[in-house]
Asks: 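Below: one structure in structure tokens.
Chain letters run A, B, ... following the sequence lines, proteins first and then strands; every chain starts at 1.
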Number of protein chains: 2
Amino acid sequence: MEFTNEELINFLKKNDIRPSNIRLKVLKYLLENRIHPSAEDIYNGVIDEIPTLSRTSVYNTINLFKEKGIVSELYLDDKEVRYDINTKLHGHFKCEECGRVYDFPVTSILHSGLEGFVIKKKEINYYGVCINCQ
Amino acid sequence: MEFTNEELINFLKKNDIRPSNIRLKVLKYLLENRIHPSAEDIYNGVIDEIPTLSRTSVYNTINLFKEKGIVSELYLDDKEVRYDINTKLHGHFKCEECGRVYDFPVTSILHSGLEGFVIKKKEINYYGVCINCQ
DNA sequence: TAATAAAATTGTAATCATTACAATTTTGTA
DNA sequence: TACAAAATTGTAATGATTACAATTTTATTA
Ligand SMILES: [Mn+2]
Ligand SMILES: [Mn+2]
Ligand SMILES: [Zn+2]
Ligand SMILES: [Zn+2]
């Protein structure tokens, strides 16, 4: 999927984020590479277009996106945090063979014992072997 | 809940783990402190009974327990991994106020899009505010 | 029981993702 | 153009976990 600069700018503005060059490139990378990348992945994906880019700026940008609610974090059994531009509820499947992280729809979860608790976020993470690795 | 030394020894033997002093004390701590402790928590909980204990031994022990399948890991939005002696499928609720991690039963999850995938492990993590922190 | 091998434990150093922070550069505005 | 605010950078610090070699404990054999 391709995004125009205007679309990217509007996306950021709508979410109360000033559109700097780095922010636009990171956003573009996240929108066009739905692989749940780590900070390092993002850095490597953007460094060619912004040769002066620092890792710190990637972290700054991601943390800003997080605060503004346009990315969510994935805590899987890696040591790196992964990021997802899709903040709607959905499940994640991590393949133990190839390392890929897949999205899948979650229709409903039946739970009990949380009466009186305020639930703000749900994570559903599966692990196993993906269809390409059988 | 209290566990006798014999129960602890049998628990380890049944899972193909040689019962050393450290392993017994770590197991006892995990069984009697259902707080999803970090490695540091375990270290602090056992150091009084084994003053020569090293952090490395705690990690060694936990990693052995993990390999043998008697503990599971919890990847929440902390920077530390937490451990759970209960390896049966259940959900976890992390309170953003007090930091406590609660267990809750999960009856069913309806998902799609994973035809042909082998699912080996499921994690269900919720975040929010617990009933004691309202 | 003493000798030996195997297993467990320890302490220290290394790793590595992320953050802290101060300096520099860029941007927006008067 | 001049100034202030915001963004970006580079380096150092942090902290959880692992690597590894040395030491201690336990089990096995003669
Ligand atoms: Mn996703
Ligand atoms: Mn639990
Ligand atoms: Zn795979
Ligand atoms: Zn609470």
Asks: Does dA8(C) have OP1 or OP2 under 4.0 Å away from a side-chain N or O of Asn60(B)?
Replies: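 False: Asn60(B) side-chain N/O out of range (4.0 Å or more) of dA8(C) OP1/OP2.
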Asks: Between Ser20(B) and dT9(C), is there a side-chain N or O to OP1/OP2 distance below 4.0 Å?
Replies: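 Yes, Ser20(B) has a side-chain N/O under 4.0 Å of OP1/OP2 on dT9(C).
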Asks: Atom CG of Asp77(A) and atom C1' of dA16(D): how far apart are they, to the nearest Å?
Replies: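 Nearest whole value for this atom pair: 16 Å.
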Asks: Atom CG of Asn63(A) to atom P of dA6(D): distance rounded to whole Å?
Replies: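 Those two atoms, CG and P, are 18 Å apart.
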Asks: Please give, in whole Å, the distance from dT9(C) C1' to Lys25(B) NZ?
Replies: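 Rounded to whole Å, this separation is 15 Å.
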Asks: Strictly below 4.0 Å, N to O, side chains only: are Asp78(B) and Lys94(B) in salt-bridge contact?
Replies: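 The answer is yes: the pair qualifies as a salt bridge.
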Asks: What is the distance from CZ of Arg55(B) to P of dT10(C), rounded to the nearest Å?
Replies: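 That distance rounds to 12 Å.
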Asks: By nearest nucleotide on DNA chain D, pick out whichever of Ser57(A) and Lys79(A) is the more 5' one.
Replies: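 That would be Ser57(A).
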Asks: State which of dA16(D), dT9(D), dT10(C) makes the closest approach to the side chain of Ile22(B).
Replies: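 Output: dT10(C).
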Asks: Using the closest heavy atom to pick a nucleotide of DNA chain C for each, name whichever of Ala39(A) or Leu64(B) lands nearer the 5' end.
Replies: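 Its nucleotide being nearer the 5' end, the pick is Leu64(B).
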Asks: Find the distance Glu67(B):CD to dA8(C):P and express it as a whole number of Å.
Replies: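 For the pair Glu67(B) CD and dA8(C) P, the rounded distance is 11 Å.
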Asks: Contact class for Arg18(A) (heavy atom, under 4.0 Å): base, sugar-phosphate, or nothing?
Replies: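 Arg18(A): backbone/sugar contact only, no base atoms under 4.0 Å.
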Asks: Report the distance from atom CD1 of Ile42(B) to atom P of dT17(D), rounded to the nearest whole Å.
Replies: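 Taking CD1 of Ile42(B) and P of dT17(D), I get 10 Å after rounding.
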Asks: For Asn10(A) and Lys13(A), test the side chains for any donor-to-acceptor distance below 3.5 angstrom and give the result as yes or no.
Replies: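 Absent: no donor and acceptor within the cut-off.
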Asks: Give a yes/no on whether any side-chain N or O of Tyr59(B) is located under 4.0 angstrom from OP1 or OP2 of dT18(D).
Replies: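 False: Tyr59(B) side-chain N/O out of range (4.0 Å or more) of dT18(D) OP1/OP2.
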Asks: Rounded to the nearest 0.5 Å, how far does CG of Leu114(A) lie from CZ of Phe104(B)?
Replies: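 So the gap between those two atoms works out to 5.0 Å.
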Asks: Measure from OH on Tyr83(A) to P on dA17(C) and round the result to the nearest Å.
Replies: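 Distance, rounded to whole Å: 12 Å.
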Asks: Assess, by modelled atom type and distance only, whether the side chains of Ser57(B) and Asn60(B) contain a donor and an acceptor separated by less than 3.5 Å.
Replies: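 There is no such pair between these side chains.
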Asks: Whole Å only: how far is the CG atom of Asn44(A) from the P atom of dA17(C)?
Replies: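 Rounded to the whole Å, the gap is 11 Å.
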Asks: Decide whether Asp41(B) and His36(B) meet the rule of one side-chain donor and one side-chain acceptor closer than 3.5 Å.
Replies: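 Looking only at side-chain atoms, His36(B) and Asp41(B) do not form any donor-acceptor pair under 3.5 Å.
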Asks: Tell me what Arg23(A) touches on the nucleic acid: a base, only sugar-phosphate, or nothing, going by heavy atoms under 4.0 Å.
Replies: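 The residue Arg23(A) makes sugar-phosphate contact but no base contact.
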Asks: Assign Thr52(B) to base, sugar-phosphate, or nothing according to its heavy-atom contacts below 4.0 angstrom with the strands shown.
Replies: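 Sugar-phosphate only.
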